[in-house]
Amino acid sequence: MAELYDRHARPIYSLALRILGDTTEAEDIVQEVFSQAWKQAARYNASRGAVGAWLLTLARSRAIDRLRAKRARPGDVSDERVAGQLVDAGPPADLLVLSSEQVARVRAALDELPLLQRAAIELAYYEGLTHAEIADRLEQPLGTVKTRIRLAMLKLRDVLAGTV
Amino acid sequence: MAMGTEHDDLREQAELYVLGALPPADRDAFEAHMASCADCTAHVKSLSTVAHALAYLAPQHEPPSALRERVVHSVSGSPLKAEPTPRPIVARPGTALPWLAVAASLVLAAALGIYSLNLRSRIGALELRLQEATDRATTGERRIADLRRVADDAHSQLAVLVAPDLLRIDLAGQPRAPQASARAFWSRSRGLVFTASNLPAVPAGKTYQLWVLTRQPAPISAGLFKPDPSGRVDAVFETPSDLPQPIGMAVTIEQDGGVASPTGDKYLVGL
């Protein structure tokens, strides 16, 4: 477990901090993720790369759930599984470890995207908003937001695929 | 064909699904479809790598060293063995005071984090409005003029943030300031906006100096700054129009008045 922690704690903590903006809550997320990983250790016998992806997916889901809980207003329909879908999907066994160069390329590609596309992606991924909430936040028609997210994701995927 | 149309409609939701941006009903419908559609399953798989990469784009921060012990201890139920840690752990004197300081800095970090998220969201919304106006330049001259006036009035910072040649560099705290983080926006035509939070106060006679890293071996000084009492910096620097393309930025601590090339400890680095 110590080895697993040393390998993955930094990106997990950083992601939780980016989403929640709070060091104490980010630490809670790290603890929860490793606790869950420990309990389910038998279930992930996939490659190391897949474990990293899975842990980050757990971290994002838990962080987004917290963020949504904080954001929730009385009367909102609760949906505890909004972010949970990626957890259920599980780590693809053949997911490669991303090289720092690949991450840098995605970062550069994200920065080069038109502002609307970049903002839509960031609101979805880091703030856990649905497409309708993103459209609200950006004051854009829903159809426009959907299209921009598709274009952006396909562009980023192609940037990644070109470097594999 | 009804089936084909339904498949096409659902396949277009794969990107939203991977990002977790589908509302529950749409998500369930997509998952039900995916269970019997190899094409959509493969499509989602190819996109999920992007989501994985996004996880790594968050500014990287080192978790507190005490967290490691807490996690390893709690999950294994045994004391932490003497395994190598990736970073040296700074020994703290056994008094309560340093812990009070840590607690205070955590509270401050939380407040600044929320503040910067809000600010970022606001700037993002303004960026978008101006971008949209620019897109409609040929048909909406008046709207552009209005928005430009708003932008000019609002902040000289915004002028940089909406530059068409905008470059963004995120800087992460170094061991001397692990909680610090910063973001720089640079435009050749409009200059450099630099915001930072959680920077330690500078000792008397010292200053922070911001360096632009280019493909030339020597870093180029962008300017000097000091954080406010909360550790926050909002600064605008002019950069020469012949500045080589930046590939990174760094902040060091130097003697008051600044130096020609960096000599002090690095506090923030972004590449």
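Each chain gets a letter, A, B and so on, in the order the sequences are listed, and its residues count up from 1.
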Trainee: Quick check for you: to the nearest 0.5 Å, what is the distance between B/Glu15 atom CD and A/Ile149 atom CD1?
Mentor: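 Interatomic distance, B/Glu15 CD to A/Ile149 CD1, rounded to 0.5 Å: 9.5 Å.
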Trainee: Which region of A/Leu56, side chain (C-beta onward) or backbone (N, CA, C, O), has a non-hydrogen atom less than 4.5 Å from a non-hydrogen atom of chain B, or is it both or neither?
Mentor: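 Only the side chain of A/Leu56 comes within 4.5 Å of chain B.
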Trainee: Mind checking the CG-OG1 spacing from B/Asp26 to A/Thr130? Nearest 0.5 Å is all I need.
Mentor: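 If we round to the nearest 0.5 Å, B/Asp26:CG and A/Thr130:OG1 are 9.5 Å apart.
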Trainee: State, to 0.1 Å, how close A/Arg157 and B/Leu47 come at their nearest heavy-atom pair, and which atoms those are.
Mentor: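 Looking at all heavy atoms of both residues, the shortest contact is CD-CD2, 4.0 Å.
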Trainee: Between atom CG of B/Leu16 and atom CD1 of A/Ile134, what is the distance when rounded to the nearest 0.5 Å?
Mentor: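 B/Leu16 CG to A/Ile134 CD1: 7.5 Å, rounded to 0.5 Å.
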Trainee: Any heavy-atom pair between the side chains of B/Pro63 and A/Glu27 that's under 4.5 Å?
Mentor: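 No, too far: nothing below the 4.5 Å cut-off.
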Trainee: Quick one: does B/Tyr56's side chain have a donor or acceptor within less than 3.5 Å of a partner on A/Ser100's backbone?
Mentor: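 No, because the side chain of B/Tyr56 does not come within donor-acceptor range (under 3.5 Å) of the backbone of A/Ser100.
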Trainee: Of all heavy-atom pairs between B/Ala58 and A/Leu15, which one has the smallest distance, and what is that distance?
Mentor: CB-CA, 3.9 Å
Trainee: Tell me which of these, B/Leu67, B/Val44, B/Leu167, has more heavy-atom pairs under 4.5 Å with chain A than the rest.
Mentor: B/Leu67
Trainee: Show, in sequence, the C-alpha distance, side-chain angles and deciding distance for B/Asp170 and A/Arg107, and conclude whether the side chain to side chain contact (heavy atoms under 4.5 Å, CB included) test is met.
Mentor: CA-CA 10 Å; B/Asp170 293 324; A/Arg107 186 194 304 281; 4.2 Å; yes
Trainee: Against chain A, label B/Glu12 side chain, backbone, both or neither, depending on which of its atoms sit under 4.5 Å from a heavy atom there.
Mentor: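 Both backbone and side chain of B/Glu12 come within 4.5 Å of chain A.
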Trainee: What are the two closest heavy atoms between A/Tyr125 and B/Ala55, and how far apart are they?
Mentor: OH-CB, 3.3 Å
Trainee: Considering only heavy atoms, which portion of A/Leu17 lies under 4.5 Å from any heavy atom of chain B: side chain, backbone, both, or neither?
Mentor: side chain
Trainee: Just so I understand: if I count every heavy-atom pair under 4.5 Å between each of A/Glu25, A/Arg150, A/His131 and chain B, which residue has the most?
Mentor: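 Most heavy-atom pairs under 4.5 Å with chain B: A/Arg150.
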Trainee: Going from CG on A/Leu129 to CG on B/Leu19, what distance comes out if it is rounded to the nearest 0.5 angstrom?
Mentor: 11.0 Å
Trainee: Please flag which part of A/Leu110 lies under 4.5 Å from any non-hydrogen atom of chain B: side chain, backbone, both or neither.
Mentor: side chain
Trainee: If you look at every heavy atom in A/Tyr13 and B/His61, which pair is closest and at what distance?
Mentor: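 Heavy atoms only, the tightest pair is CD2-O, 3.5 Å.
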Trainee: Indicate the atoms forming the closest heavy-atom contact of B/Leu54 with A/Tyr126, along with that distance.
Mentor: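 Smallest heavy-atom distance, with atoms named: O-OH, 2.7 Å.
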